[in-house]
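A quick write-up on the structure given underneath.
All values below were derived from every heavy atom in this structure, side-chain atoms included, with hydrogens, water molecules and symmetry-related copies excluded.
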Amino acid sequence: MFTPLTVTVVVTGLLLAVWCGYASFRDQPVKDWHYGGAALVELFALAQAVVSTVALAGGDRPAGDGSTVVFVCYLVAVPLCLPLTVVVSFTERNRWGSATVAVGAAVAAVLELRLADVWAGAAGV
């Protein structure tokens with residue numbers, strides 16, 4: 001795990017969630033620049049997945065017994081979260097499409113935090 005990249009994914013994900021949430025509040029559909037923001041968050045999430053995969057391949061493991069499987073599951077879930085919500089937002093060309101992307105971005109940020117917790121060996125794994 002690369003902590004600055006974790007912070008970047010969380011911060012950009014939360015900013016995208018607020019931005020799309022505000023668009024939904026104003027009864028606006030998802031615009032192209034929202035999709036650009038989602039692509040940026042996705043790029044950071046994919047970079048984190050690559051860095052973490054290289055660390056796992058190099059022999060580094062999450063702290064705690066049996067947490068490698070949980071870590072890999074979160075590692076797969078984070079990059080999948082936003083593309084799935086973006087696809088759903090294509091079918092909802094109204095305020096609910098913006099709300100969908102906002103929720104997806106917030107979930108991606110929370111999953112990234114949980115990914116860092118599992119790597120560090122936080123309780124509750």
Side-chain angles (χ1 to χ4, degrees):
M1 290 287 298
F2 186 55
T3 303
L5 201 48
T6 301
V7 172
T8 303
V9 172
V10 170
V11 169
T12 56
L14 291 177
L15 287 173
L16 179 64
V18 169
W19 189 22
C20 290
Y22 181 69
S24 177
F25 176 75
R26 295 193 60 211
D27 202 19
Q28 296 175 345
V30 181
K31 306 280 192 215
D32 288 342
W33 52 81
H34 293 122
Y35 291 128
L40 184 64
V41 175
E42 182 66 17
L43 178 69
F44 293 139
L46 287 171
Q48 180 70 288
V50 168
V51 168
S52 298
T53 301
V54 168
L56 285 172
D60 290 340
R61 294 287 181 256
D65 295 331
S67 60
T68 302
V69 172
V70 175
F71 180 80
V72 169
C73 290
Y74 278 112
L75 194 61
V76 170
V78 173
L80 287 178
C81 187
L82 267 175
L84 291 175
T85 56
V86 164
V87 167
V88 171
S89 75
F90 284 140
T91 63
E92 292 291 331
R93 297 307 251 167
N94 53 30
R95 73 183 298 177
W96 299 112
S98 296
T100 301
V101 175
V103 169
V107 168
V110 170
L111 288 175
E112 184 70 25
L113 284 174
R114 185 66 183 128
L115 184 69
D117 283 345
V118 171
W119 185 262
V125 175

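- Leu113 and Leu115 are members of different hydrophobic clusters when ILVMFWY side chains are connected at heavy-atom separations under 4.5 Å.
- Between Ser98 and Gln28, the side chains place no donor N or O within less than 3.5 Å of an acceptor N or O (distance only, hydrogens not considered).
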Let me check something: any side-chain donor-acceptor pairs from residues 12-23 under 3.5 Å, sequence neighbours excluded? List them with distances.
unit_1 : atom_1 : unit_2 : atom_2 : d
Thr12  : OG1    : Thr8   : O      : 2.7
Thr12  : OG1    : Val9   : O      : 3.3

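- Taken from CG in Asp117 to OG in Ser67, the straight-line distance is 11.5 Å, to the nearest 0.5 Å.
- In this structure, CH2 on Trp119 lies 14.5 Å from CZ on Arg114, to the nearest 0.5 angstrom.
- Across all non-hydrogen atoms, the minimal contact from Pro62 to Leu56 is CD-CD2, 4.1 Å.
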Residues 85-95, side-chain donor-acceptor partners within the protein, below 3.5 Å, at least two apart:
unit_1 : atom_1 : unit_2 : atom_2 : d
Thr85  : OG1    : Cys81  : O      : 3.4
Thr85  : OG1    : Leu82  : O      : 2.9
Ser89  : OG     : Tyr35  : OH     : 3.1
Ser89  : OG     : Val86  : O      : 2.7
Thr91  : OG1    : Val88  : O      : 2.6
Arg93  : NH1    : Tyr35  : OH     : 3.0
Asn94  : OD1    : Trp96  : N      : 2.9
Arg95  : NE     : Ser24  : O      : 3.2
Arg95  : NH2    : Ser24  : O      : 3.1

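- Both Tyr74 and Val107 belong to a common hydrophobic cluster when Ile, Leu, Val, Met, Phe, Trp and Tyr are linked at side-chain heavy-atom distances under 4.5 angstrom.
- Around atom CG of Asp27, more than 12 heavy atoms belonging to other residues, nucleotides or ligands sit under 6.0 Å away.
- Both Trp33 and Val101 are members of a single hydrophobic cluster when ILVMFWY side chains are connected at heavy-atom separations under 4.5 Å.
- Between Pro83 and Pro79 the shortest heavy-atom distance is CD-O, 3.0 Å.
- Residue Val118 is tested with Thr68, Val72, Val70 for a side chain to side chain contact (heavy atoms under 4.5 Å, CB included); the sole match is Val70.
- When all heavy atoms of Leu75 and Gln48 are compared, the closest pair comes out as CD1-O, 4.3 Å.
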